[in-house]
Amino acid sequence: MSINSGLQKMDEQSENKDPDLDVEQRRQEITSNLTDVRKRIEAMTQEKREVRLVAVSKQKPISDILIAYEDGQRHFGENYVQELVEKSKALPSDIKWHFIGTLQSNKCKILAAIPNLWAVETIDGIQKADVMNKACASREFPLRVFLQVNTSGEETKGGVDPGECLAALNHIQDNCEKLQLAGIMTIGAHRESTEELNPDFINLMNLQKQFKESRGMELEVSMGMSDDFEEAIKLGSTNVRVGTTIFGRRPLKHKH
Ligand SMILES: *Cc1c(COP(=O)(O)O)cnc(C)c1O
């Protein structure tokens with residue numbers, strides 16, 4: 001698919017009288033935001049290690065994703081299964097999709113059928129791991145998964161309790177042959193002040209360390225969003241998920 005067909009779609013949707021100007025403005029906005037985020041990541045890592053940037057494109061049009069794609073971005077994150085299915089069909093096949101939304105058992109098969117699904121970051125327990133494992137039966141290669149941990153203990157956030165994390169990791173590693181255990185993931189509590197280091201991120205790093213000590217396996221750590229990705233990197237994140245800072249604000253409510 002060419003960049004033009006995606007942009008054309010945006011033109012059609014746009015009510016602006018001068019769509020060309022609109023498109024060019026959007027391109028400049030997104031590429032300059034991306035450059036800025038990349039620089040900030042680089043400044044935090046100082047080439048000591050690689051940190052993957054996942055551009056979170058939920059609720060954003062295909063034309064936005066294409067702009068970032070043309071700028072070299074390949075990892076994108078989506079929260080809604082149907083939206084991901086549609087976007088993955090319409091966009092280049094070398095995009096590496098991350099599913100980062102709440103994972104429902106009855107959607108695992110649909111997800112598993114997306115050929116360029118790169119990872120599911122939101123496995124939230126042993127049961128869900130088993131369902132996802134089954135759903136991947138006909139996939140050629142094991143699917144990368146991250147176990148989501150509810151480090152902040154908030155009801156609105158998904159994931160296993162920290163106390164159940166190691167057992168669930170062991171279960172995936174030992175019993176789910178169609179899943180490749182890639183890492184652990186958390187959102188953490190939203191904080192107004194960042195004077196002290198985020199205890200939720202520290203908690204996740206400790207779990208990673210414990211698993212390494214018990215299994216000799218170094219898991220990736222997915223933490224850090226628009227508001228806190230620099231702090232997350234400082235504390236050891238290897239995978240940051242950034243949406244708003246790249247693509248701008250999203251509408252408050254998402255309708256299915
Ligand atoms: C939406 C979302 C993000 C991106 O959040 P921003 O604040 O827009 O950067 C990251 N991770 C998850 C799990 C999300 O749902």
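Note that ligands are numbered from 1 as they come in the structure, with each ligand's atoms numbered from 1 the same way.
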E220-T238 side chain donor-acceptor pair, cut-off 3.5 Å: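 Side chains of E220 and T238: pair found under 3.5 Å.
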Distance-only side-chain donor-acceptor flag, E155 / N150, under 3.5 Å: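 Checked: E155/N150 side chains show no N/O donor-acceptor pair below 3.5 Å.
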Among all protein heavy atoms, pick out the one at the shortest distance from [atom]; state its residue, atom name and that distance to 0.1 Å.
| atom | answer |
| --- | --- |
| atom 10 (C) of ligand 1 | M225 SD, 3.3 Å |
| atom 14 (C) of ligand 1 | K58 NZ, 3.1 Å |
| atom 7 (O) of ligand 1 | S226 CB, 3.7 Å |

Can you sort out which atoms of ligand 1 are near [X], meaning under 4.0 Å from one of its heavy atoms?
| X | answer |
| --- | --- |
| R241 | 4 (C), 9 (O), 10 (C), 11 (N), 12 (C), 13 (C) |
| T244 | 6 (P), 7 (O), 8 (O), 9 (O) |
| V242 | 9 (O) |
| N79 | 14 (C), 15 (O) |

Taking non-hydrogen atoms only, is [X] closer than 4.0 angstrom to ligand 1 via side chain, backbone, both or neither?
| X | result |
| --- | --- |
| T122 | neither |
| M185 | side chain |
| E121 | neither |

side-chain hydrogen bond (donor to acceptor under 3.5 Å, both in side chains) partner of E78, chosen from H98, K87, Q59, K58: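 With E78 as partner, side-chain hydrogen bond (donor to acceptor under 3.5 Å, both in side chains) holds for just one option, K87.
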Candidate pair S63 and R26, rule side-chain hydrogen bond (donor to acceptor under 3.5 Å, both in side chains), full reasoning: CA-CA 9 Å; S63 50; R26 189 65 181 144; over 6 Å; no
K209 bridged to E218 by N-O distance under 4.0 Å: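 So K209 does not pair with E218 through a salt bridge.
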Considering all heavy atoms, the nearest C165-I184 contact: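 Scanning both residues, the minimum pair turns out to be SG-CG2, 4.3 Å.
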N or O pair under 3.5 Å between D227 and ligand 1: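 In fact, backbone or side chain, D227 has no N or O that close.
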Mutual orientation of the aromatic rings belonging to W97 and F76 [parallel < 30°, tilted 30-60°, perpendicular > 60°]: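 W97 vs F76 ring planes: tilted.
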Partner residues of D130 under the side chain to side chain contact (heavy atoms under 4.5 Å, CB included) criterion, sequence neighbours left out: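 Testing D130 for side chain to side chain contact (heavy atoms under 4.5 Å, CB included), a comparison that skips the adjacent residues, returns I126, H171, C176.
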Whether I100 lies under 4.0 Å from ligand 1, heavy atom: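 The answer is yes, since I100 has a heavy atom less than 4.0 Å from ligand 1.
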